[in-house]
Amino acid sequence: MSNRVFALVDCNNFYASCERVFNPGLAGKPLVVLSNNDGCVVARSAEARALGIKMAQPWFQCRHLVKPHGLIALSSNYALYADMSRRVMAILSGFSPEQEVYSIDESFLVFDDKAASQRLETGSGIRNKVLKWTGFPVSVGFGPSKTLAKLANHWAKTQPEFSGVCDTAALPACRRRALLEATPASEVWGVGRRLTEQLQALGIHSVADLQAADPAWLGRRFSVVLERTAEELRGVSCLQLEDVAPPKKQIMTSRSFGTLVASLPDLREALTAYATRAGEKLRAEGQLAGEVHVFIRTNPFSPDAPQYSGALRLRLPEPTDDTLQLVKAARYLLKQLYRPGFLYQKVGILLSELQPATLRQGQLFGPADSDRRTRLMGVMDRLNRELGRDTLFLAGAGIDRSWRMRQGNRSPRYTTDWAEIPLARA
DNA sequence: TCTGGGGTCCTAGGACCC
DNA sequence: TCTGGGGTCCTAGGACCC
């Protein structure tokens, strides 16, 4: 148990890399991937980054770069990214018995303390194998805590001297010192915009400054979260590997509309579609929901338009994973929330008070009825999984869906939809 | 004209109990 | 004159992550 080493493996520009794997013509070009609704930038190729485009920047602010610089923008294609992610994570799992899939493009691995040379060798091995098998470039950072592994990964990615693999323990002391002083505290995992401002006011600017501050004092001044971060920067591991994903506590489905929506029937259609999706997620998790929350709001970025936002929740008589019951509850709440005379930008549903489906209580209306309902949901999920989303859906979710989000330039679902599989021509 | 979606954790403060 | 205090639960809001 002593002296374990964390590695953080991270796919470089993951979404952009996914697009390039299937469309090599995009290589070397400035490329961004846009969020749902084509709203803002969620991924940038190195070339796009060099144009000064920032993460999460609204698309309308970068659009002027298309003509002069050949900037290419694609709508996000989450079905493709999720599938590619599974492949990369499966390869990584072969390198260590202990893996935490931290996000769609990042994984922590744990190794028993090996010699520094061995770690660098392992890191290169990971890079080569993932590149060869999937076409994705990855970076690898090693450290005695998760926070230091993250930091090492940042250096692996940004400092060419490391060739994509950096081990904090293997750095010469003077080089390490220089990097800590040159890296702003805001790069540290867990230090966001607000904390950065407050730390700066206290004279803490670099990672070296944060590392030098007394963790207990930071804990009193801010919170235990920052205290742990400071300890981790000093090499004291406080955050454990979470290799079994804890069950979700909430499930949310929400989207901004492609065009603003005023009428209750349109809102109801959208909410029905989101509640259906939330039900799918819930059943995939093997959980039941005890509470349904619904929220709606107008566009907060139009300060001149009349603003309204509201949220309500309902405790279900009995926890359920039945889409029809979730939809019914959601529609009831929406009816209470709705105010005419506003242009709505977003509606959403949140399921909470989740519990394992194995704890399902005896049904009030007899087992026959509820069994039928469970089977119906099973059939719906299977058809939609195997034949593509929305093969079977509730008519209440609408057919023409004028509220649907914008996706002006989505690439095909190369790997998850039979109709969009790539064609090889001889 | 145009600004994501889906989560988690922590804290402060109020209500309530004995 | 003097007007408890500690524990627990809940909620809202803030901050962070990718």
Geometric class of the A:F136/A:F14 ring pair [parallel <30°, tilted 30-60°, perpendicular >60°]: tilted
Atom pairs under 3.5 Å: protein N/O with N/O of nucleotides 6-9 of chain B:
from  : atom 1 : to     : atom 2 : distance (Å)
B:dG6 : OP1    : A:R255 : NH1    : 2.5
B:dG6 : OP2    : A:S254 : N      : 2.4
B:dG6 : OP2    : A:S254 : O      : 2.6
B:dG7 : OP2    : A:M252 : N      : 2.3
B:dG7 : OP2    : A:M252 : O      : 3.2
B:dT8 : OP1    : A:K249 : N      : 3.1
B:dC9 : OP2    : A:K249 : NZ     : 2.9

Residue of the set A:E280, A:R277, A:K328, A:R283 for which side-chain hydrogen bond (donor to acceptor under 3.5 Å, both in side chains) holds with A:T323: A:R283
Can you check the [X] [atom1] to [N] [atom2] distance for me, whole Å?
| X | N | atom1 | atom2 | answer |
| --- | --- | --- | --- | --- |
| A:L350 | B:dG5 | CG | C1' | 12 Å |
| A:Y81 | C:dC18 | OH | P | 18 Å |
| A:Y102 | C:dC17 | OH | P | 8 Å |
| A:W59 | B:dC2 | CH2 | C1' | 11 Å |
| A:H64 | B:dT1 | NE2 | P | 17 Å |
| A:Y15 | C:dC18 | OH | P | 12 Å |

Minimum side-chain heavy-atom gap [X]-[Y] below 4.5 Å:
| X | Y | result |
| --- | --- | --- |
| A:I296 | A:F342 | no |
| A:L8 | A:E106 | yes |
| A:W155 | A:L180 | yes |

Sugar-phosphate, base or nothing in reach of A:Q61, heavy atoms under 4.0 Å: nothing
Sugar-phosphate, base or nothing in reach of A:D105, heavy atoms under 4.0 Å: sugar-phosphate
More than 12 heavy atoms of other groups within 6.0 Å of A:K281 NZ: yes
Distance in Å, A:L354 CG paired with A:Q250 CD, rounded so as to fall on 0.5 Å steps: 8.0 Å
Under 4.0 Å protein heavy-atom contact, by nucleotide of nucleotides 11-16 of chain C - B base, S sugar-phosphate only: S---SS
Proximal nucleotide (of B:dC2, B:dC10, C:dC17) relative to the A:F60 side chain: B:dC2
Base paired to B:dC18 (Watson-Crick or G-U; both N/O distances under 3.5 angstrom): C:dG5
Verdict with supporting geometry, A:F108 and A:W189, ring pair (Phe, Tyr, Trp, His ring centres under 6.0 Å): CA-CA 14 Å; A:F108 284 103; A:W189 191 35; 5.7 Å; yes
